[in-house]
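Since the structure comes first, as structure tokens, the remarks are kept for the end.
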Amino acid sequence: MPSLAPPRTRSSDLVRAARREPVSRTPVWFMRQAGRSLPEYRAVREGTTMLEACTRPELVAEITVQPVRRHGVDAAIFFSDIVVPLKAVGLDLDIVAGVGPVVAEPIRSRADLDRLPELTSEHVPYITDAVRLLVAELGDTPLIGFAGAPFTLASYLVEGGPSKNHVRTKALMHGDPDLWHALCDRLAQISGAFLRVQAEAGASVVQLFDSWVGALSRADYSRYVQPHSAKALAAVADLDVPRIHFGVGTGELLPLMGATGAEVVGVDYRVSLTDASDRIGPDHAVQGNLDPALLFAPWDVLRDIVVDIVEQGRRTPGHIFNLGHGVLPDVDPDVLTRVTELVHEVSTR
Ligand code: CP3
């Protein structure tokens, strides 16, 4: 099995926890740790659009490293966005501040699929360059590469932007299953190739985000989503990189998400970590699951909740501490630093 990630991150607590091996202390990082909660992020991003920033390797590397420097977290998450590979293959889309990804012409017919060619590494040279810069700079700290999962990407493409009820997406899924599967098969190729570019350039772990898949029933997930997420994850199965799979509101779907091939299942804050692990089973590590809203609670309260999650994590096969969803932009970053220190302090073996 080729090991492309730098060998020194192989013994990091993050990689060891993902592999359900003993750790020196519980590894911790935060989804959306790079971003608007940090004044140093707002300073370097000034005057650059989000998508433009994602194509500048030096800027991407600087933003990715900022939370590692500030909080002492156990991993860096590559600064990019789930829609970057879609933009890279030529789709007309933008990220609108305070809204999210917006697609100029939604994808709703078979002819629309022609606007979505397969992704190769030549579409994203700036990703390879940024990952290489980062791996050199991060040393022993592992870099997490990521991609959006087919369902969540499909939702943005079919709806044309963020959606509460995913009405058009579900109508397409059930109304034209052949087109749905063709779309998701293409998206699985794009997601898988995007993960592979990052892993081949030196990312030590990858995470597949299916943020909005909690909108589906188990039956719909199994039939319309799971095979495509499995295909995206299979694209890096021969590389020595543990795979994390995360979604929001996925209490009912957790075992099915584990069965996609991921080594680690991300858990949101609606299910306790031990219940989630019981549902997923002994062959998977878990990641999570502090409610990001609780970062605004008084420290004494937050402290007890963090300690409880660390203790629950010890009763699972492997635990990576994280939030149950992303950092909210107006959080006090000092709280994230304190949570990182606390997780390390109470989990040191
Ligand atoms: O720190 C990190 O986690 C790395 C960077 C990262 C971003 N987006 C940067 C970003 C990651 C991992 C993502 C993934 C992503 N993008 C997801 C999955 C994770 C999740 O939160 O569920 C989703 C659903 C998206 C789509 C998207 N892009 C949304 C919903 C938004 C926010 C829109 C807004 O302004 O509220 C974006 C834009 C985006 N992606 C920002 C950042 C830092 C904000 C834009 C900015 O700073 O100008």
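Numbering of ligands and ligand atoms starts at 1, following listing order. Numbers here simply count residues along the sequence, with the first being 1.
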Heavy-atom donor-acceptor pair, D140 side chain to T9 backbone, under 3.5 Å
no
Looking only at heavy atoms, the pair that brings D185 and H228 closest together is N-ND1, 3.7 Å
F209 neighbourhood, listing ligand 1 atoms whose heavy-atom distance to it stays under 4.0 Å:
12 (C), 18 (C), 19 (C)
Test your reading of the structure: does F246 have an N or O sitting under 3.5 Å from an N or O of ligand 1?
no
Which heavy atom of the protein is the closest neighbour of atom 47 (O) of ligand 1, given with residue, atom name and distance?
Y41 OH, 2.7 Å
Flag R45 as yes when one of its N or O atoms lies below 3.5 Å from any N or O atom of ligand 1, and as no otherwise.
yes
Please compare Y156, F79, W29 and report which has the shortest non-hydrogen distance to atom 30 (C) of ligand 1.
Y156
Which of the numbered atoms in ligand 1 are below 4.0 angstrom from a heavy atom of I77?
1 (O), 2 (C), 3 (O), 4 (C)
How far is atom 23 (C) of ligand 1 from its nearest protein heavy atom, and which residue and atom name does that atom have?
I82 CD1, 3.5 Å
Check the orientation of H325 and F246. Use parallel for under 30°, tilted for 30 to 60°, and perpendicular for over 60°.
tilted
Would you please indicate yes or no on a ring centroid separation below 6.0 angstrom for Y41 and F79?
yes
I'd like the name of whichever of S37, G35, S80, P67 reaches closest to atom 7 (C) of ligand 1 through any heavy atom.
S80
Ligand 1 contacted by P101 (non-hydrogen, < 4.0 Å)
yes
In terms of atom number and element, which parts of ligand 1 are under 4.0 angstrom from non-hydrogen atoms of D81?
7 (C), 8 (N), 10 (C), 13 (C), 15 (C), 16 (N), 25 (C), 26 (C), 27 (C), 28 (N), 37 (C), 38 (C), 39 (C), 40 (N)
Can an N or O of F146 be found at a distance shorter than 3.5 Å from an N or O of ligand 1?
no
Any atoms of ligand 1 less than 4.0 Å from a non-hydrogen atom of I95? List them with their elements.
38 (C)
Checking heavy-atom distances from atom 2 (C) of ligand 1 to each of M31, R32, R42, the winner is R32
Would you mind listing which atoms of ligand 1 come within a distance below 4.0 Å of any non-hydrogen atom of S211?
18 (C), 19 (C), 20 (C), 22 (O), 24 (C)
E21/R10 salt bridge by N-O under 4.0 Å criterion:
yes
Counting each atom of ligand 1 from 1 as listed, which ones have a heavy atom of A34 under 4.0 Å away?
1 (O)
Any donor-acceptor pair under 3.5 Å linking the side chain of S163 with the backbone of E159?
no
Only heavy atoms count here, so choose which of R36, H325, M50, Q207 is nearest to atom 42 (C) of ligand 1.
M50
Are F209 and F146 close enough that their ring centers fall under 6.0 Å?
yes
Does E263 come within less than 4.0 Å of R19, counting only side-chain N to carboxylate O?
no
For ligand 1, does A97 get within less than 4.0 Å through its side chain, its backbone, both, or neither, judged by non-hydrogen atoms?
backbone
Below 4.0 angstrom, N of the basic side chain to O of the carboxylate: do R303 and E345 qualify?
yes
Are I63 and L133 connected in a single hydrophobic cluster, I mean Ile/Leu/Val/Met/Phe/Trp/Tyr linked by side-chain heavy atoms less than 4.5 Å apart?
no
Could you tell me the residue and atom name of the protein heavy atom closest to atom 35 (O) of ligand 1, and the distance to it rounded to 0.1 Å?
G98 N, 2.7 Å
Report the part of F78 in contact with ligand 1, treating N, CA, C, O as backbone and CB onward as side chain, heavy atoms under 4.0 Å; options are side chain, backbone, both, neither.
backbone
Determine the interplanar angle of the W212 and Y156 rings, folded into 0 to 90°, and report it as parallel if under 30°, tilted if 30 to 60°, perpendicular if over 60°.
perpendicular
Please say whether Q33 places an N or O atom under 3.5 Å from an N or O atom belonging to ligand 1.
yes
Does the N322 side chain pair with the main chain of Q287, one donor and one acceptor, at a distance under 3.5 Å?
no
